[in-house]
**Student:** 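Mind having a look at this structure? Questions to follow.
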Amino acid sequence: LPAGVSGLAESSDGLSWSRVKGPEAGGGVMVPSEDEGAFDAVQLGVTDVHPTDDGWVMHYLGGSTTPVNLGTVPGAPPLVGFKMSCGAATSTDKRGLVWEKRAEPLVAPGPAPEWDSNFASWPRVLPV
């Protein structure tokens, strides 16, 4: 599951990795939004990062403060951070240290009682 903060590591061979300290809290490069009403205010998780002509594009999932009752345990309180949407961010530096998020999600959950009313998450992007 997403942990809330994403970092950066680099490797020249894909086997040995070195952490890179980012500009965000704790050395991360992507953190949840400070706006309590944002779709990614509680947590985020990166799914894909692709090079572009100008740098990088990142696709990620974000969890909001909207409470969700998953209905898995009778009487359990609603969970926060599980109403998830798909987001995107771009970086124009060569290493992907500084990211600019899109304010709105690319795909948001549907209305209740639709099948996707809790989650529109774990985006996967395949450039063609």
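The first residue in the sequence is number 1, and the count goes up from there.
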**Student:** Can you list the residues that meet the salt bridge (charged side-chain N to carboxylate O under 4.0 Å, His left out) rule with Asp48, with sequence neighbours excluded?
**Tutor:**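 Testing Asp48 for salt bridge (charged side-chain N to carboxylate O under 4.0 Å, His left out), a comparison that skips the adjacent residues, returns Arg124.
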**Student:** Going by heavy atoms in the side chains, are Lys83 and Pro109 under 4.5 Å from each other?
**Tutor:**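 In short, these two side chains touch, coming nearer than 4.5 Å.
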**Student:** May I ask you to test the Val46-Ser6 pair for a side-chain heavy-atom distance under 4.5 Å?
**Tutor:**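 Result yes, sub-4.5 Å side-chain heavy-atom pair found.
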**Student:** Looking at side-chain heavy atoms only, is the closest gap between Ser33 and Lys101 below 4.5 Å?
**Tutor:**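 Yes; the side chains approach each other to less than 4.5 Å.
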**Student:** Sequence neighbours excluded, which residues qualify as salt bridge (charged side-chain N to carboxylate O under 4.0 Å, His left out) partners of Arg102?
**Tutor:**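 Applying salt bridge (charged side-chain N to carboxylate O under 4.0 Å, His left out) to Arg102 gives none.
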**Student:** At what distance, to the nearest 0.5 angstrom, does CG of Asp40 lie from SG of Cys86?
**Tutor:**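 Those atoms lie 12.0 Å apart.
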**Student:** Leu70, Leu61: one ILVMFWY side-chain cluster at the under-4.5 Å cut-off?
**Tutor:**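 Yes, same cluster.
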**Student:** Looking only at heavy atoms, what is the nearest atom pair of Val42 and Pro32, with distance?
**Tutor:**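 Where Val42 meets Pro32 most closely, the heavy atoms are O-CG, 3.6 Å.
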**Student:** Go through the steps to decide whether Val5 and Met30 satisfy the test side chain to side chain contact (heavy atoms under 4.5 Å, CB included), and finish with yes or no.
**Tutor:** CA-CA 6 Å; Val5 175; Met30 277 277 283; over 6 Å; no
**Student:** Around atom CG of Asp53, are there more than 12 heavy atoms of other residues, nucleotides or ligands at under 6.0 Å?
**Tutor:**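 For Asp53, atom CG is not crowded (no more than 12 foreign heavy atoms under 6.0 Å).
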**Student:** Which class fits the ring pair Phe39 and Tyr60: parallel under 30°, tilted 30 to 60°, perpendicular over 60°?
**Tutor:**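 Ring orientation, 0 to 90° scale: parallel.
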**Student:** Any chain of hydrophobic side-chain contacts (each under 4.5 Å) joining Met84 to Val125?
**Tutor:**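 No, it is not one cluster - the side chains of Met84 and Val125 are not joined through contacts under 4.5 Å.
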**Student:** Considering only heavy atoms from C-beta outward, does the side chain of Val49 approach that of Val57 to under 4.5 Å?
**Tutor:**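 SC-SC contact between Val49 and Val57 ruled out.
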**Student:** Taking C-beta and beyond as the side chain, do Pro51 and Trp56 meet within less than 4.5 Å on heavy atoms?
**Tutor:**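 Yes; the side chains approach each other to less than 4.5 Å.
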**Student:** Nearest 0.5 angstrom please: Ser121 OG to Asp116 CG, how far?
**Tutor:**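 Answer for the OG-CG pair, Ser121 versus Asp116, is 10.0 Å.
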**Student:** Do Val20 and Leu97 have side-chain heavy atoms sitting under 4.5 Å apart?
**Tutor:**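 Sidechains of Leu97 and Val20: in contact.
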**Student:** Can you pull out every salt bridge (Lys or Arg N to Asp or Glu O under 4.0 Å) where at least one residue sits in residues 27-36? Sequence neighbours excluded, please.
**Tutor:**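 For residues 27-36, and leaving out neighbouring residues, there are no salt bridge (Lys or Arg N to Asp or Glu O under 4.0 Å) pairs at all.
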**Student:** Do Asp13 and Ser11 pass the side chain to side chain donor-acceptor pair (under 3.5 Å) test, and can you show the C-alpha distance, the side-chain angles, and the key distance before you say yes or no?
**Tutor:** CA-CA 6 Å; Asp13 63 7; Ser11 173; 3.1 Å; yes
**Student:** When clusters are formed from ILVMFWY side-chain contacts under 4.5 Å, directly or step by step, what else is grouped with Val107?
**Tutor:**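 For the cluster that includes Val107, the remaining residues are Leu106.
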**Student:** Between Ser85 and Pro105, what is the shortest heavy-atom contact and its length?
**Tutor:**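 Ser85 and Pro105 have their closest heavy atoms at CB-CB, 3.6 Å.
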**Student:** Answer yes or no: is there a side-chain heavy-atom contact under 4.5 Å between Thr47 and Trp122?
**Tutor:**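 Yes - at least one pair of side-chain heavy atoms lies under 4.5 Å apart.
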**Student:** Identify, with sequence neighbours excluded, every residue that meets salt bridge (charged side-chain N to carboxylate O under 4.0 Å, His left out) alongside Glu24.
**Tutor:**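 Result, salt bridge (charged side-chain N to carboxylate O under 4.0 Å, His left out) vs Glu24: none returned.
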**Student:** Kindly indicate whether the side chain of Pro67, heavy atoms from C-beta on, has any atom under 4.5 Å from the side chain of Leu79.
**Tutor:**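 No, every pair of side-chain atoms sits at 4.5 Å or beyond.
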**Student:** Scan residues 86-99 for pairs that pass side chain to side chain donor-acceptor pair (under 3.5 Å), counting only residues two or more places apart or in two chains.
**Tutor:**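 Of all non-adjacent pairs touching residues 86-99, those that pass side chain to side chain donor-acceptor pair (under 3.5 Å) are Glu10-Arg95, Ser91-Asp93.
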